[in-house]
Amino acid sequence: MPRITLPDGSCREFPGPVAVAAVAADIGSGLAKAALAGRVDGRLVDTSQIIDHDATLEIVTARDADGLEVIRHSCAHLLAQAVKELFPEAQVTIGPVIEDGFYYDFAYHRTFTPEDLDAIEARMHELAAAALPVSRTEMGRDEAVAFFRGLGEEYKAEIIAAIPQDEVISLYSQGHFTDLCRGPHVPDTGRIPAFKLTKVAGAYWRGDSANAMLQRIYGTAWANRKDLDAYLQRQAEAEQRDHRKLGRRLDLFHVQEEAPGMVFWHPRGWVIYTEIERYMREMQRANGYREIRTPQLVDFSLWQRSGHADKFGKDMFALQIDERAFAIKPMNCPCHVQVYNQGLRSYRDLPLRLAEFGSCHRNEPSGSLHGIMRVRGFTQDDAHIFCTEDQVQGEVARFIDFLHRIYADFGFDEVIYRLSTRPEQRVGSDEVWDRAERALADALDAQRLQWELLPGEGAFSGPKIEFSLKDSIGRVWQLGTIQVDFSMPERLGAQYVDADDQRRVPVMLHRAVLGSFERFIGMLIEHYEGAFPVWLAPLQVAVLNITDGQAEYAGEVVEALQNKSFRAENDLRNEKIGFKIREHTLLKTPYLLIVGDREKASRSVAVRTREGEDLGAMPLDGFIEWLGDRVRRRGRAISGN
RNA sequence: GCCGGAAUAGCUCAGCUCGGUAGAGCAGCGCAUUCGUAAUGCGUUGGUCGGAGGUUCGAAUCCUCUUUCCGGCACCA
């Protein structure tokens, strides 16, 4: 006599074991139709699951986040079924749910074409319309291995062979298609209401580039047509904020074939870059950093001593000049140690914070280049803090505060913290890594921050904390980092004399707030959709005259603004005012000052924002003061005017 | 680096399937217009089709190689 407790607290009793679907039907026919899965005692199960004991039950529908996952997972199976029907020789592998959708990897002797994709999707729609029942069966491991081998599914057999012998293996079947799966799945293929295949791409078996390349088909699936359309709409909008597109439209930068992975900054883009650099320089100076500049081209032996040559030698731009091997620096730290090493350091000098807007070059794999986000030539807001082991935690805490202030100036308040620990390939003893990892974890805990652990993701010379931000459309960007390094100072012979006149090796903290300027600006372009806050905007104010009669006055307005160091230009072209407004709005100039005879007579300006808001006329002096206030607030200003 | 796709005027794109020496809109330039808050009208310049080979009487269109970009995968000190 199972007694089922529902989420609202009510109970229902059944004379004998009962399926989730039957309970749903008992509650109401609408719910029965909507039921995709059940949550029995907190565990997600199929609607066919029989409950034979007292339990809590929640009926999972498409409105449930879990319900949507079930739909997506089942849609991956639907995809696999369609592929197997159209291409019987293709082998199935894995097909997980991902954000907004799913994918399925197949092994096949040729690649799937876009036309194949259309055919597969069409077949999926037919299979969904047929509402084929989905059934679950269980098998022992060896039996399951034999079953899939019999079908010629070697990859599946390999997956199952790795599952422990005593674990129950479940199979899901729909039509003539059977797949290994943990489930749960929708009761029939008719419950997958809205989906679309999005792309095909290669993907390595088990994510290892040493393995065969499979073909991955991506798709998206939703609870209904409306949600699917909304998703596609969001994708289209995200494309509109692509920094490569905006970079060209707003005339910020370009890239070209002769310099792959390098950026040509245009005047407007360079304003943004130099404004950020100027701001960072000021912030660092005010926070105990001393700026330095080190060489680009350094003898290869330094990279051998630092350990970079071993791990990254092939990825460095190396060159042979007059029998001597050099490399363009891929990072700044070995050079910073050279600066540290000049003269004998005392413990009184520590912590020593050396900062550099260091220009680095790395020969990134060709396939990884992406606009100005992933490039081969870039500049970091890099700094290295040389300190004693006792000072590490305090310096990390101090850095976290520093970083919070900077992010807030760019309008970001929410930071995500992750601690990356020792990777397989590394330098330094385990004991040293233990200490370094503990120091970072303690610093985070002392600040009462919530953080996430990323085992094995650390740099080769030390563990690190990574700081990420969420942009205006919810994407997460890893920007800042602080890495503890006990190894490099030793390798490069850094020392200081302690209070007892003993020579000691300092600890080195590698840190960056923005990461690379290129990537950071790329992210900002997408975050702001090109509408930079006024302190960063390439052009802050455009002065537009109505007719030639106000040309001279427009010139005076611009001069007054420029005298106060604002970036202002006038637009005296013989065009209608609507035309000029449209052009500057599209260029995302924050403020448009319209000057006609009225304004000229009263020495005022009519202010319009790029959002289309009319702020009315104000005296020129008043506007200058008001604008200064907006600029000083930086990204902390409330958006818009 | 691996898999797939793309590369045509400054920009966005058509033409390529069925080979016969390129076309649109915007931008630019010229002229007219001096007109108050997202596109004034008319006229006009401009490309040999990413690069190198090949097939062909003839190639932007077909084939090969190559470069770069795009989407993934892998990588990311």
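Naming convention: chains lettered A, B, ... in sequence-line order (proteins, then strands); numbering from 1 in each chain. Hydrogens, waters and symmetry mates play no part in the numbers below; they use all other heavy atoms, side chains included.
- Base contact: A:A201 has a heavy atom under 4.0 Å from a base atom.
- Take A:A551 and apply the side chain to side chain contact (heavy atoms under 4.5 Å, CB included) test, not counting sequence neighbours, and it matches A:N545, A:L572.
- Residue A:M316 has its side chain nearest to B:A77 when only B:G1, B:C69, B:A77 are considered.
- Distance from the side chain of A:R244 is smallest to B:C70 among B:C35, B:G36, B:C70.
- To the nearest angstrom, P of B:G51 lies 12 Å from CD of A:E258.
- A gap of 15 Å separates the P atoms of B:U67 and B:G51, to the nearest Å.
- The aromatic rings of A:W265 and A:F253 sit perpendicular to each other, their planes meeting at more than 60°, with 30° as the lower class boundary.
- By the neighbour-count criterion of 12 heavy atoms within 6.0 Å, atom CD of A:Q425 is sparsely surrounded, having that number or fewer from other residues, nucleotides or ligands.
- Counting any heavy atom pair closer than 4.0 Å across all strands shown, A:T111 reaches sugar-phosphate atoms only and no base atom.
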Between protein and nucleotides 5-17 of chain B, map the contacts as a letter string: B base, S sugar-phosphate only, - none, heavy atoms under 4.0 Å, written 5' to 3'. ------SS-----
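- If you check residues 355-367 of chain A against RNA chain B, the residues with a heavy atom closer than 4.0 Å are A:R362, A:P365, A:S366, A:G367, listed by number.
- Few gaps surround CD on A:Q338; more than 12 heavy atoms of other groups in view lie less than 6.0 Å from it.
- In this structure, A:R123 does not pair ionically with A:E121, as no charged nitrogen and carboxylate oxygen lie closer than 4.0 Å.
- Of the side-chain N and O atoms in A:R374, none sit less than 4.0 angstrom from OP1 or OP2 of B:C70.
- Taking atom C1' in both B:C13 and B:A6, one finds a spacing of 13 Å when rounded to whole Å.
- Separating the CG atom of A:D105 from the C1' atom of B:G72 is a distance of 11 Å, rounded to the nearest angstrom.
- Here A:G371 lies in heavy-atom contact (under 4.0 Å) with sugar-phosphate atoms only.
- Sorted by first and then second residue, the pairs that involve residues 100-117 of chain A and meet salt bridge (charged side-chain N to carboxylate O under 4.0 Å, His left out), not counting sequence neighbours, are A:D105-A:R216, A:R110-A:D116.
- Residues meeting the side chain to side chain contact (heavy atoms under 4.5 Å, CB included) test with A:W205, sequence neighbours left out: A:T93, A:Y155, A:E158, A:I159, A:N211, A:L214.
- Considering only the side chain of A:D548, B:U34 comes nearest among B:U34, B:G36, B:G71.
- Between A:Y104 and A:F106, the angle of the ring planes stays under 30°, which puts this pair in the parallel group of the 30/60° scheme.
- Checking the phosphate oxygens (OP1, OP2) of B:G72, no side-chain nitrogen or oxygen of A:H370 falls inside 4.0 Å.
- When the P atom is compared between B:G4 and B:A14, the two are found 23 Å apart, to the nearest whole Å.
- B:G20 and B:A59 have their C1' atoms separated by 9 Å, given to the nearest Å.
- Relative to the ring axis of A:Y218, A:K199 places its NZ or CZ within 45° and under 6.0 Å from the centre.
- Residues from residues 451-467 of chain A placing a heavy atom under 4.0 Å of any atom in RNA chain B, listed by number, are A:A459, A:K464.
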Which dot-bracket string describes RNA chain B (Watson-Crick N1-N3 plus N6-O4 or O6-N4, or G-U N1-O2 and O6-N3, all under 3.5 Å; [ ] crossing; | other strand)? (((((((..((((......[..)))).(((((.......))))).....(((((..]....))))))))))))....
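- Remark: the separation of the C1' atoms in B:G46 and B:G25 is 15 Å, to the nearest Å.
- Ion pairing of A:E457 with A:R422 is absent here, as no side-chain N (NZ or NE/NH1/NH2) approaches a carboxylate O to less than 4.0 Å.
- In this structure, A:I482 atom CD1 and B:A77 atom P are separated by 16 Å, rounded to whole Å.
- Nucleic acid contact class of A:T547 (heavy atoms, under 4.0 Å, all strands): base.
- Between A:K199 and B:G72 there is a side-chain polar atom (N or O) within less than 4.0 angstrom of OP1 or OP2.
- Note: CD (A:E575) to P (B:C31) measures 14 Å, nearest angstrom.
- Minimum heavy-atom separation, A:L86 to A:A119: CD1-O, 3.7 Å.
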Output one line per pair: protein atom, nucleotide atom from nucleotides 26-28 of chain B, and distance, for all N/O pairs under 3.5 Å.
none

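- Going from the C1' atom of B:U45 to that of B:C29 covers 7 Å, rounded to whole Å.
- In the interface, the side chain of A:Y204 is not paired with the base of B:G72 through any donor and acceptor atom under 3.5 Å apart.
- The aromatic rings of A:F112 and A:Y108 sit parallel, their planes meeting at an angle under 30°, below the 60° perpendicular limit.
- Here the two rings, on A:H384 and A:Y340, have centers that are 6.0 Å apart or farther.
- Below the 3.5 angstrom threshold, one finds a donor paired with an acceptor across the side chain of A:E599 and the base of B:G36.
- Within the 4.0 angstrom heavy-atom criterion, no nucleotide atom of any strand lies near A:G549.
- Nearest heavy-atom pair, A:A82 versus A:M124, reported as atom, atom and distance to 0.1 Å: CB-CG, 3.6 Å.
- Residue-level contact check: A:Y218 touches the backbone only, with heavy atoms under 4.0 Å from sugar-phosphate atoms and none from bases.
- With sequence neighbours left out, the side chain to side chain contact (heavy atoms under 4.5 Å, CB included) criterion links A:A259 to A:M262, A:F264.
- Taking the C1' atom of each, B:A7 and B:C75 are spaced 26 Å apart, rounded to whole Å.
- Under a cutoff of 6.0 Å and an axis angle of 45°, A:R435 and A:F486 form a cation-pi pair.
- Comparing atom distances between the A:F312 side chain and each of B:A77, B:G36, B:U40 picks out B:A77 as nearest.
- A:D208 comes within 4.0 angstrom of nothing in the nucleic acid, heavy atoms only.
- For A:H527, the ring pair (Phe, Tyr, Trp, His ring centres under 6.0 Å) test picks out A:F412, with sequence neighbours left out.
- A:R268 places no side-chain N or O within 3.5 Å of a backbone atom of A:G247 that could act as its donor or acceptor partner.
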Contact list (N/O, under 3.5 angstrom) for nucleotides 43-47 of chain B vs protein:
none

What pairs of donor and acceptor atoms, side-chain ones from residues 354-362 of chain A against any protein atom, are under 3.5 angstrom apart with sequence neighbours left out?
from: A:E356; atom 1: OE1; to: A:T294; atom 2: OG1; distance (Å): 2.7
from: A:E356; atom 1: OE1; to: A:H336; atom 2: NE2; distance (Å): 2.7
from: A:E356; atom 1: OE2; to: A:T294; atom 2: N; distance (Å): 3.0
from: A:E356; atom 1: OE2; to: A:T294; atom 2: OG1; distance (Å): 3.3
from: A:E356; atom 1: OE2; to: A:K329; atom 2: NZ; distance (Å): 3.0
from: A:R362; atom 1: NE; to: A:P330; atom 2: O; distance (Å): 2.8
from: A:R362; atom 1: NH2; to: A:P330; atom 2: O; distance (Å): 3.1

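- Across the P atoms, B:C11 and B:C49 are found 16 Å apart, a figure rounded to whole Å.
- Using a 4.0 Å cut-off, no side-chain N or O of A:R216 falls inside it from OP1 or OP2 of B:C3.
- Looking at heavy-atom distances under 4.0 Å, A:L369 makes contact with sugar-phosphate atoms alone, never a base.
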